[in-house]
Amino acid sequence: MTDKIPVTVLTGYLGAGKTTLLNRILTEDHGKRYAVIVNEFGEIGIDNDLVVGADEDVFEMNNGCVCCTVRGDLIRVVSGLMKRQRPGKPAFDAIIVETTGLADPGPVAQTFFVDEDVKAKTRLDSVTALVDAKHVMARLDDSKEAREQVAFADRILLNKTDLVDAATLDAVEARLRAMNPLAPIVRTERARVPLDQVLDIGAFDLERVVEVRPDFVNPPHGAEGHVHDAHCGHDHHDHDHDHDHGHDHHHGPRGHSHGDDVRGVALSLDRPLDGQKFTRWIDELLAAKGQDILRAKGIIDVAGEDRRLVFQAVHMILEGDLQRPWGETERRWSRAVFIGRDLDEAALRAGFENCLA
Ligand SMILES: Nc1nc2c(ncn2[C@@H]2O[C@H](COP(=O)(O)OP(=O)(O)OP(=O)(O)O)[C@@H](O)[C@H]2O)c(=O)[nH]1
């Protein structure tokens, strides 16, 4: 048991603070080597690039959504990791999986029980959910995924405590507690938490999960959560995406929709943008449409600037700063992703292109 590599799954709605926690873990002086698996939205690779020191230890699942294709991806990535070795021991001390904000963590957790190879070498240590204290109430009302994430967690970090008052925090905590009576709730700002409270805590409780979801370890073919394996008689990676997974989303060529109306729009440009124009555009856009924009983020090539402008938004709350310089051989380009309801892709694209220097 103890020589199995612990796996921590980070879940939480769009913008709750998963990457913030991940970066905290990776920068802390712990002498451990972590393999990090991130879910990438579409092909433009923003998330991977926002993980500090993103290097050979960060692995991508390229699909932005944890439907069965990504579970296949996850099995492939984890199996690959297990084959690596340091002298006398595995190549990594632990694995951290950051799921997308729109994912139900159940299928990801399931991967560590269903695939024999993965099961033999890893142990699911915990599913930790990040919660955005400011926005979570509305999301618990309107998003099934947000509710699943809270219900499924072994540990909850009630994050962004700086953005709300004490009464709101108490109300949020009471609601989380009602949805998940067992998971300890830790209040955090910028996901600041002692790492021994989130890593290697042995919190995942299969019995509890099986009580809530009896099919957890062995969902039937065709059911949500089913993992295709050798017994299915078809190749997992090649199957057609249009068939019915028993849940309600599909992937388009650019956008990605989830549930009825939440979708993503990815934009990119190979020419530099005018920094002032871009700032004005994003400010005005969030002021006008911030209710519908659940999440926006991007890395911008600003004309006349050597550093990368990174912006992040959760609804109307925008943060942006100039971060590290572009590398000598790095491709300089601007990428942005918007995830929300009723997004007007053509208008977003036109607005973005209007910012060209
Ligand atoms: N005010 C405040 N902002 C925070 C806190 N934690 C994170 N943020 C900001 O919230 C935004 C989203 O944080 P991320 O860590 O990228 O969130 P995420 O869950 O990884 O987002 P997705 O992967 O897109 O779902 C960023 O701008 C963070 O700087 C906090 O405690 N307080």
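Both counts, for ligands and for their atoms, begin at 1 and track the order of listing. Being a predicted model, the structure only gives us computed values, none of them experimental.
- For Phe311 and Phe278, the ring centers sit closer than 6.0 Å to each other.
- Only one option out of Arg139, Lys160, Arg190 pairs with Asp132 in a salt bridge (charged side-chain N to carboxylate O under 4.0 Å, His left out); it is Lys160.
- Taking each heavy atom of Met316 and Leu286 in turn, the nearest pair found is CG-O, 3.3 Å.
- Checked by atom type, the side-chain pair Arg295/Gln312 shows a donor-acceptor distance below 3.5 Å.
- Taking atom 15 (O) of ligand 1 as the reference point, the nearest protein heavy-atom neighbour is Thr20 OG1, 2.5 Å.
- Ligand 1 lies within reach of Gly15, whose nearest heavy atom is under 4.0 Å from it.
- When only non-hydrogen protein atoms are considered, atom 18 (P) of ligand 1 lies nearest to Lys18 N, 3.4 Å.
- Set against the non-hydrogen atoms of Lys297, the atoms of ligand 1 under 4.0 Å away are 22 (P), 23 (O), 24 (O).
- Across all their heavy atoms, Cys355 and Lys277 have their closest contact at SG-O, 3.8 Å.
- Considering every non-hydrogen atom in both Ile317 and His135, the closest pair reads CD1-CE1, 4.1 Å.
- A side-chain N or O of Asn159 and one of Thr188 form a donor-acceptor pair less than 3.5 Å apart.
- Ligand 1 places these atoms under 4.0 Å from at least one heavy atom of Glu98: 20 (O), 23 (O).
- Ligand 1 has no N or O atom lying under 3.5 Å from any N or O atom of Ala191, backbone or side chain.
- Between atom 6 (N) of ligand 1 and the options Leu22, Thr188, Asn159, Thr19, the minimum heavy-atom separation is to Asn159.
- The nearest non-hydrogen atom to atom 10 (O) of ligand 1, considering only Glu319, Arg24, Gln312, Lys160, comes from Lys160.
- Listed by number with element, the atoms of ligand 1 under 4.0 angstrom from any heavy atom of Leu163 are 1 (N).
- Of all protein heavy atoms, the one lying nearest to atom 32 (N) of ligand 1 is Asp162 OD1, 2.8 Å.
- When ring centroids are compared, Phe204 and Phe113 come within the 6.0 Å threshold.
- Of all the heavy atoms of Leu21, none lies under 4.0 Å from any atom of ligand 1, so neither backbone nor side chain is involved.
- Of the listed residues (Arg295, Arg187, Arg190, Arg192), the one carrying the non-hydrogen atom nearest atom 2 (C) of ligand 1 is Arg190.
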